[in-house]
Student: 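Structure in structure tokens, see below.
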Amino acid sequence: MTNPLLNLREGPVARLRLNRPELHNAFDAMLIAALTGALEAVAEDDSVRVVVLEGEGLSFSAGADLNWMRNMAAASEEANRTDSLALARLMRTLDELPRPTIARVQGAAFGGGVGLVACCDIAIASADAKFGLTESKLGLLPAVISPYVIDAIGPRQARRWFATAEIFDAATALEIGLLHQVVAGEALDAAVQRQIDLLLKAGPHASAQAKALVRRVAFERDRDRLDHDNAALIARLRVSDEGQEGLTAFLDKRKPRWCQ
């Protein structure tokens with residue numbers, strides 16, 4: 001049986017490649033479990049500095065596998081709840097991963113594939129990529145992935161795309177905030193590599209914790225507490241080994257040790 005996920009290492013970069021190209025990397029329980037396990041392992045591996053999430057073949061991920069969906073349609077409500085919680089665990093693990101993540105998107109990204117893109121810190125797609133939150137065509141909704149998609153594109157856009165199940169192109173995905181960059185297909189790898197290079201120049205701890213700072217600031221309503229917490233954070237970073245090395249290297253006009 002073909003491994004549904006390839007875990008490829010390039011020095012400090014982990015490439016997690018969805019590997020069901022004959023099914024456009026559609027989700028099933030095995031792929032969900034494999035990707036969740038790989039992400040949990042990455043979270044514990046300090047040698048990993050950057051994670052690239054990508055798809056083998058023509059597509060990034062076309063969403064749910066039809067056979068898997070057929071089986072779940074015949075299962076009990078309790079079994080469907082358990083199955084959906086496994087997908088929720090995957091999305092949350094990716095969203096909160098203490099490593100910067102890049103989605104490399106080509107071809108189709110539908111349903112849960114859009115959820116994966118929304119959970120990544122940086123999302124880059126080829127100009128011919130197509131996106132869709134197509135669940136309502138089946139009488140369903142993108143419920144499990146909704147917190148991450150809404151966080152990426154906002155409630156106003158989500159209300160439209162969740163309801164219509166309309167397919168949209170990469171330019172629209174960029175406009176509504178799902179993507180950060182759209183490039184020609186032949187330039188996709190170079191665009192991803194540029195972001196990898198930038199992340200590897202940043203302090204490992206700083207780049208890994210950036211998303212936690214953004215999340216806390218975005219949702220904290222107590223401004224006094226926010227000021228206190230942010231002051232404590234920058235003070236802690238300034239006296240840390242990484243902060244000391246970064247500041248010293250800047251003043252000495254040299255590269256910090258993590259760039260060497």
Side-chain angles (χ1 to χ4, degrees), residues 1-65 67-68 83 85-126 129 144-145 148 180 185 188-202 204-205 207-212 258:
M1 183 178 294
T2 303
N3 191 333
L5 180 74
L6 301 179
N7 192 338
L8 310 173
R9 282 295 297 269
E10 299 173 353
V13 180
R15 289 183 174 270
L16 302 181
R17 184 176 298 167
L18 310 182
N19 188 38
R20 306 183 79 209
E22 70 285 359
L23 297 172
H24 294 273
N25 299 314
F27 285 20
D28 65 0
M30 187 176 296
L31 177 56
I32 289 170
L35 183 52
T36 303
L39 290 168
E40 289 174 344
V42 163
E44 300 298 324
D45 187 351
D46 289 338
S47 69
V48 176
R49 296 274 311 279
V50 180
V51 175
V52 178
L53 185 60
E54 56 192 18
E56 183 70 24
L58 297 176
S59 295
F60 178 72
S61 175
D65 179 284
N67 288 325
W68 178 49
D83 185 77
L85 283 172
L87 181 61
R89 176 181 173 186
L90 166 59
M91 295 296 164
R92 187 167 179 180
T93 301
L94 177 58
D95 183 65
E96 297 181 357
L97 192 74
R99 303 285 180 271
T101 54
I102 303 172
R104 178 197 180 278
V105 186
Q106 85 286 1
F110 297 155
V114 174
L116 292 178
V117 175
C119 287
C120 286
D121 303 315
I122 300 168
I124 304 173
S126 60
V144 171
I145 65 172
Y148 313 103
H180 294 97
L188 184 56
D189 286 329
V192 170
Q193 187 60 51
R194 180 175 181 274
Q195 295 301 309
I196 292 172
D197 293 342
L198 289 169
L199 289 167
L200 293 178
K201 291 177 182 178
H205 180 72
S207 63
Q209 294 302 314
K211 72 185 76 181
W258 57 75

Student: Check Pro98 against Ala208 and note the closest heavy-atom contact, atom names and distance.
Tutor: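 Heavy atoms only, the tightest pair is O-CB, 3.2 Å.
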
Student: Indicate yes or no: at least one non-hydrogen side-chain atom of Leu39 is less than 4.5 angstrom from one of Arg89.
Tutor: no

Student: Closest heavy-atom contact between Ala125 and Leu188?
Tutor: C-CD1, 3.9 Å

Student: Where is the tightest heavy-atom contact between Pro12 and Leu200, given as atom of each residue plus distance?
Tutor: CG-CD2, 3.9 Å

Student: Does a side-chain heavy-atom distance below 4.5 Å link Arg99 with Asp46?
Tutor: yes

Student: Between Asp95 and Lys211, is the closest basic N to carboxylate O distance under 4.0 Å?
Tutor: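 Looking at Asp95 together with Lys211, the answer is no, because their closest N to O distance does not fall below 4.0 Å.
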
Student: Please report the closest heavy-atom contact between Gly113 and Phe27, naming both atoms and the distance.
Tutor: N-CZ, 4.2 Å

Student: Give me the one residue out of Leu8, Val52, Asn25 that meets side chain to side chain contact (heavy atoms under 4.5 Å, CB included) with Arg17.
Tutor: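 Result: among Leu8, Val52, Asn25, Leu8 is the only option passing the side chain to side chain contact (heavy atoms under 4.5 Å, CB included) with Arg17.
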
Student: Is the closest side-chain heavy-atom distance between Leu35 and Leu53 below 4.5 Å?
Tutor: yes

Student: Just checking Arg9: does its CZ atom have more than 12 heavy atoms from other residues, nucleotides or ligands closer to it than 6.0 angstrom?
Tutor: yes

Student: Quick check: closest heavy atoms across Ala14 and Val42, and the distance to 0.1 Å?
Tutor: CB-CG2, 4.4 Å

Student: Could you grab the distance from atom CG of Leu23 to atom CG of Leu18, nearest 0.5 Å is fine?
Tutor: 12.0 Å

Student: Quick check: do Glu54 and Val105 have side-chain heavy atoms less than 4.5 Å from each other?
Tutor: no

Student: Report yes or no: does His180 contribute a side-chain atom to a donor-acceptor pair with the main-chain N or O of Ala123 at less than 3.5 Å?
Tutor: yes

Student: Let me know which of Leu90, Asp83, Leu5 forms a side chain to side chain contact (heavy atoms under 4.5 Å, CB included) with Ile32.
Tutor: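 Running side chain to side chain contact (heavy atoms under 4.5 Å, CB included) over Leu90, Asp83, Leu5 with Ile32 returns exactly one hit, Leu90.
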
Student: Looking at Arg49 and Ser207, would you say the former's side chain and the latter's main chain have a donor-acceptor pair under 3.5 Å?
Tutor: no

Student: Check Ala43 against Leu97 and note the closest heavy-atom contact, atom names and distance.
Tutor: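 Closest approach of Ala43 to Leu97: CB-CD1, 3.9 Å.
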
Student: Got a sec: does the CZ of Arg92 have more than 12 other heavy atoms crowding it under 6.0 Å?
Tutor: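 Result for CZ/Arg92: open.
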
Student: Mark yes or no for whether Gln106, through its side chain, and Ser59, through its backbone, hold a donor-acceptor pair below 3.5 Å.
Tutor: yes

Student: Do Leu199 and Asp121 have side-chain heavy atoms sitting under 4.5 Å apart?
Tutor: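 No - every pair of side-chain heavy atoms lies 4.5 Å or more apart.
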
Student: Is there a donor-acceptor pair under 3.5 Å between the side chain of Arg20 and the backbone N or O of Pro4?
Tutor: no

Student: May I have the step-by-step check of side chain to side chain contact (heavy atoms under 4.5 Å, CB included) for Tyr148 and Leu94, ending in yes or no?
Tutor: CA-CA 10 Å; Tyr148 313 103; Leu94 177 58; over 6 Å; no

Student: For Gln193 and Asp197, does a side-chain donor sit closer than 3.5 Å to a side-chain acceptor?
Tutor: yes

Student: Rounded to the nearest 0.5 Å, what separation is found between the CD atom of Gln195 and the CD1 atom of Ile124?
Tutor: 4.5 Å

Student: Is there a donor-acceptor pair closer than 3.5 Å between any side-chain N or O of Asn19 and the backbone N or O of Asn3?
Tutor: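 Flag set: sc Asn19 to bb Asn3 pair under 3.5 Å.
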
Student: Do Leu16 and Val51 have side chains that get closer than 4.5 Å, going by heavy atoms?
Tutor: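 With C-beta onward as the side chain, the pair touches.
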
